[in-house]
Enquirer: 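Before anything else, here's the structure in question.
The chains referred to below are lettered A, B, ... by the order of the sequence lines, with proteins before strands, and numbering in each begins at 1. Just so you know, these numbers use all the heavy atoms, side chains as well, and skip hydrogens, waters and symmetry mates. Quick caveat: nothing in here was measured; it's all calculated off a predicted structure.
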There are 2 protein chains.
Amino acid sequence: MDIRTIDWKNGKIKIIDQTRLPRALVYLEIGNLKELWRAIRELKVRGAPALGAAAALGVYLGIKDYPGSSRKGLARCLKKTADYLKTSRPTARNLFGGIERIEQAAARAKDITVPEIKKELFKEALRIIEDDRAACRAIGRYGAALIKNKSRVLTICNAGILATIDYGTALGVIYAAKEKGREVKVFASETRPLLQGARLSTWELYRKGVDVTLIADNTAAKLMADGEIDMVIAGADRIALNGDTANKVGTANLAIAAAYHKVPFYIASPKTTFDLSIKDGSGIRIEMRPEDEVRGIFPGTAAAPRKVKVLNPAFDITPHRLIRGIITDYGIVRPPYRDNIAGVLGKG
Amino acid sequence: MDIRTIDWKNGKIKIIDQTRLPRALVYLEIGNLKELWRAIRELKVRGAPALGAAAALGVYLGIKDYPGSSRKGLARCLKKTADYLKTSRPTARNLFGGIERIEQAAARAKDITVPEIKKELFKEALRIIEDDRAACRAIGRYGAALIKNKSRVLTICNAGILATIDYGTALGVIYAAKEKGREVKVFASETRPLLQGARLSTWELYRKGVDVTLIADNTAAKLMADGEIDMVIAGADRIALNGDTANKVGTANLAIAAAYHKVPFYIASPKTTFDLSIKDGSGIRIEMRPEDEVRGIFPGTAAAPRKVKVLNPAFDITPHRLIRGIITDYGIVRPPYRDNIAGVLGKG
């Protein structure tokens, strides 16, 4: 598997245009901030960890051609860039975390010249990318220990290669289990409205040779009732101090159905997705997306009437008590989350 | 509202082609059995009560041009027609019930001529249609008593005008509440894969002036968690003796989420959908539908890879213990269902 979701090339951010998948694997080279902002808003690049890397490179993109030699001027340019990128999407913690790491690196770079600061910030952005690659592999290692041979795992949205740099969180666990020689059968919930499960997860799982079956989101409870699912693993966009987890809308549905059928439900997520400043899920801001994503027209036959109102939240909150464990790059966090999350986040 | 889902006109069965909605309101006149079989299989006509009426008219369509005057010959023709129509779709009880009523009418028609038998069977098919119209209105009356002013009701698939002759079961309850002057806000779950909620329910609710908001199926648990849903009402395809209910896949998801959030969950269904020969949900045969319905291509961007496997059951079973009540044309059946269903079905 040679694909990489985000890279830096020829002074530009190179991403896979995820709105074109699975029909075409098209790379975009993004050379200005406005284009990056729109690529994030339109989900050409998406997935919490990938957004952290894209936003960090974006801050560098915004300051790299700053013409002066004034450190104050550069700091103002950086703040403007960072503030702008933070308006692209509200929910994923990593988007803000990536930007903040660049801001912190800038704050540390005191007694050096503007060109040297730029170089430091670029290096920090590349470190974020490498940290993501290492974090996903650590999540994979910890998570793979939960996966028995011939497990049947249900997942939602895409928390794979395409949501990270090149490995994945929830799907990273699958890939790691496979690397250990375990057979895993994955059910991919298609994830309406934007079908990241159908378009992205099946595409990358298929490429990686994983046995994957696509289902409508509506089919999850039936599969569990039929005894066809051994565990559920989902990614995360932001995890509160008490373990309440914001992820793609539909995740809470799955967690509730899993609890009802006594199927273990796990979140897989790097430390960078936790937000200790938020006490519980009620404090997480949920992005509302365009109505037309749900009116979504099928060719020839199917479309909701254009005048019909739509409610289209992009995420929901899975209550911590429905989560059996959170698979992180620092190990599996178990309840009670309030204590154990603080413990994990104290490390490293 | 002047639309009627099924009618008899010029010696043909006149139906609305529901695969064309909401883009176009197109009527089809079906003059032969094979065409009807395909219209049922392809969901041009769908919804358990509507299937009962269509199949009953279909049996008449199959025998009306029987050339001989032999009652035995007619009986053979009728059996062949009935057996053929029963292979169209397996789950909806009413499809079989409609056919069986025509068979029973034929069995009663002993000492009359072949032309007179044909006339009797036609009259029986029309009675099935009139019985459905009356049953839906009775369901509406009983159900409306559950609907407080300003209620917010979530529904799935289409259990409305388009699933019956001209009124609806779950949506019939909404229409009846509205006729009583109550404000009702409906959330229509889009109902992947074939989007009967998005295409059909929003279309007819909008035409009837009901305040309707479309959501992705994934959004249901979030809305409940936000306190935005007062009750859930779904239709049914077949109800077992213990109250276990087969309905569009995704219904069990909703019932589980409703129980978790303490939102009352109701089934609305005529007596004709109950199947006393089946002890519980495990005995209900669930139709598996074509994989391509889930791979379902969006224009331009979204499609699952064509090679990816799909699992596409059309229905699921909602366990009886998650159902607060079943709104029937004979009143609201409450738990314990095994006793109370038998009681209701003894009447009338």
Enquirer: Do any pairs count as a salt bridge (charged side-chain N to carboxylate O under 4.0 Å, His left out) and have a residue in residues 216-228 of chain B, sequence neighbours left out, and if so which ones?
Expert: B:R152-B:E228, B:K222-B:D226
Enquirer: Examine whether an atom of A:L223 lies under 4.5 Å from a heavy atom of chain B, and if so say whether it belongs to the side chain, the backbone or both; otherwise answer neither.
Expert: side chain
Enquirer: Any side-chain heavy atom of B:N218 sitting closer than 4.5 Å to one from A:N253?
Expert: yes
Enquirer: Please look at A:A225 and chain B and tell me whether the side chain, the backbone, both or neither of the residue comes under 4.5 angstrom of a heavy atom of that chain.
Expert: neither
Enquirer: Between A:L254 and chain B, which part of the residue has a heavy atom less than 4.5 Å away: side chain, backbone, both or neither?
Expert: neither
Enquirer: Taking 4.5 Å as the heavy-atom cut-off, does anything in residues 230-252 of chain B contact chain A, and if so which residues?
Expert: B:V249, B:G250, B:A252
Enquirer: Looking at chain B, which one of A:I215, A:T318, A:D316, A:T213 has the largest number of heavy-atom pairs inside 4.5 Å, strictly under?
Expert: A:T213
Enquirer: Tell me, for B:I317 versus chain A, whether the close heavy atoms (under 4.5 Å) come from the side chain, the backbone, both or neither.
Expert: neither
Enquirer: Are more than 12 heavy atoms from other residues, nucleotides or ligands located less than 6.0 Å from atom CZ of A:R285?
Expert: no
Enquirer: Minimum heavy-atom separation for B:A221 to A:I256, with atom names?
Expert: CB-CD1, 4.1 Å
